Colleague: 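My questions all concern the structure below.
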Amino acid sequence: MPGLYLEEFEVGHVFRHTLRKTVTESDNMLFSVMTLNPQPLHIDFDFASKTEWGKPLVNSLFTLGLMIGIAVNDITVGTTVANLGMKDTVFPHPLFHGDTVRVETTVVSVRESKSKPDRGIVELEHRAYNQNDVLVARCLRQAMMLKRPT
């Protein structure tokens, strides 16, 4: 399914994405190694067992990428020009191996570009929840989106 064009975004619309993902130890380890992140809280079970969590936490940047990635299929496949930024990103609860992530996205604002007539900017609030409906991540993302071809 192709992504949405600028004109198809409606402020206040909430997407409840059907794609979900159960996060594995391999996901977390591979992401941490690929990004050269040696934080023992993510990759050292012995170290993590002595923390308040008692087990490794999933790398928060993996969580951010997964949250936005889950939304892509429903919103931006083939119609996005670029991500312009992400702000107000928070991780209010950790994500652990074995947790299943689901995502909701709300359209916050939509505006036409002032300099490029074939596109505009959409602000989206993405929210990721674990299988217990606990919020594990949230961010506001600004995406440059194509307008419908004329």
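Any value given below was found using the heavy atoms of this structure, including those in side chains, with hydrogens, waters and symmetry copies removed. Model, not experiment: these values are computed from the prediction.
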Colleague: How many angstroms lie between CG in Leu6 and CG in Asp118, if you round to the nearest 0.5 Å?
Modeller: 10.5 Å
Colleague: Does one hydrophobic cluster hold both Leu61 and Leu95, with members joined at side-chain heavy-atom distances below 4.5 Å?
Modeller: yes
Colleague: In Å, rounded to the nearest 0.5 Å, how long is the span from OG1 of Thr106 to CD of Glu125?
Modeller: 5.5 Å
Colleague: Do Lys116 and Val81 make a side-chain contact, defined as non-hydrogen atoms from C-beta onward lying under 4.5 Å apart?
Modeller: no
Colleague: Check whether any side-chain heavy atom of Pro38 lies under 4.5 Å from a side-chain heavy atom of Val33, and answer yes or no.
Modeller: no
Colleague: By the side-chain hydrogen bond (donor to acceptor under 3.5 Å, both in side chains) test, which pairs, at least two apart or in different chains, include something from residues 131-146?
Modeller: Asn83-Arg141, Asp99-Gln131, Arg102-Asp133, Glu123-Gln142, His126-Arg141
Colleague: What closest approach, in Å, do Arg148 and Glu7 show between heavy atoms, and which atom pair accounts for it?
Modeller: N-OE1, 2.9 Å
Colleague: Are Tyr129 and Phe91 in one and the same hydrophobic cluster, where Ile, Leu, Val, Met, Phe, Trp and Tyr link if side-chain heavy atoms are under 4.5 Å apart?
Modeller: no
Colleague: So which heavy atom on Ala137 is nearest to which on Pro92, and how close?
Modeller: N-CD, 4.0 Å
Colleague: Is there a path of hydrophobic side-chain contacts, each under 4.5 Å between heavy atoms, that joins Ile70 and Leu140?
Modeller: no
Colleague: Looking at Asn28 and Glu25, would you say the former's side chain and the latter's main chain have a donor-acceptor pair under 3.5 Å?
Modeller: no
Colleague: SG/Cys139 to CD1/Ile68 distance, rounded to the nearest 0.5 angstrom?
Modeller: 4.0 Å
Colleague: Check this for me, if you would: do Glu104 and Arg127 make a salt bridge, where the nitrogen-to-carboxylate-oxygen distance has to be below 4.0 angstrom?
Modeller: yes
Colleague: Report the residue from Val103, Val136, Val23 that forms a side-chain contact (heavy atoms from CB on, under 4.5 Å) with Leu66.
Modeller: Val23
Colleague: A side-chain contact here means heavy atoms from C-beta on lying under 4.5 Å apart; do Thr100 and Asn130 qualify?
Modeller: no
Colleague: How about Leu57 and Phe96: do any of their side-chain heavy atoms sit closer than 4.5 Å?
Modeller: yes
Colleague: Hey, could you give me the NE2/OG1 distance between His93 and Thr63, rounded to the nearest 0.5 Å?
Modeller: 12.0 Å
Colleague: What do the steps show when you test Val122 against Val107 for side-chain contact (heavy atoms from CB on, under 4.5 Å), and what is the final call?
Modeller: CA-CA 7 Å; Val122 177; Val107 179; 4.2 Å; yes
Colleague: Under 4.5 Å between side-chain heavy atoms, counting indirect links through other Ile/Leu/Val/Met/Phe/Trp/Tyr residues: same cluster for Leu19 and Val101 or not?
Modeller: yes
Colleague: Is a side-chain N or O of Thr76 found less than 3.5 angstrom from the main chain of Thr79, in a donor-acceptor match?
Modeller: no
Colleague: Measure the CD-OG distance between Gln39 and Ser32 for me, rounded to the nearest 0.5 Å.
Modeller: 9.0 Å
Colleague: Can you confirm whether Leu64 sits close enough to Ser60 that some side-chain heavy atom of one is under 4.5 Å from a side-chain heavy atom of the other?
Modeller: no
Colleague: Evaluate the side-chain proximity of Met145 to Leu4: yes if any heavy-atom separation is below 4.5 Å, no if none is.
Modeller: no
Colleague: Can you find a pair of side-chain heavy atoms, one from Thr51 and one from Leu41, that are under 4.5 Å apart?
Modeller: yes
Colleague: Kindly give the heavy-atom pair with the smallest separation between Asn37 and Ile43, and that separation in Å.
Modeller: O-CD1, 4.4 Å
Colleague: Tell me whether Glu112 is salt-bridged to Lys114, with the criterion being a basic N under 4.0 Å from an acidic carboxylate O.
Modeller: no
Colleague: Taking only residues at least two apart or on different chains, which pairs with a member in residues 29-54 satisfy ring-ring contact (aromatic ring centres under 6.0 Å, His included)?
Modeller: Phe31-Phe62, Phe45-His97
Colleague: Which atom pairs, donor and acceptor, lie under 3.5 Å between side-chain atoms of residues 9-17 and protein residues at least two apart or in another chain?
Modeller:
from	atom 1	to	atom 2	distance (Å)
His17	ND1	Asp74	OD2	2.6
His17	NE2	Thr105	OG1	2.7

Colleague: Is any side-chain heavy atom of Val108 closer than 4.5 Å to one of Leu124?
Modeller: no
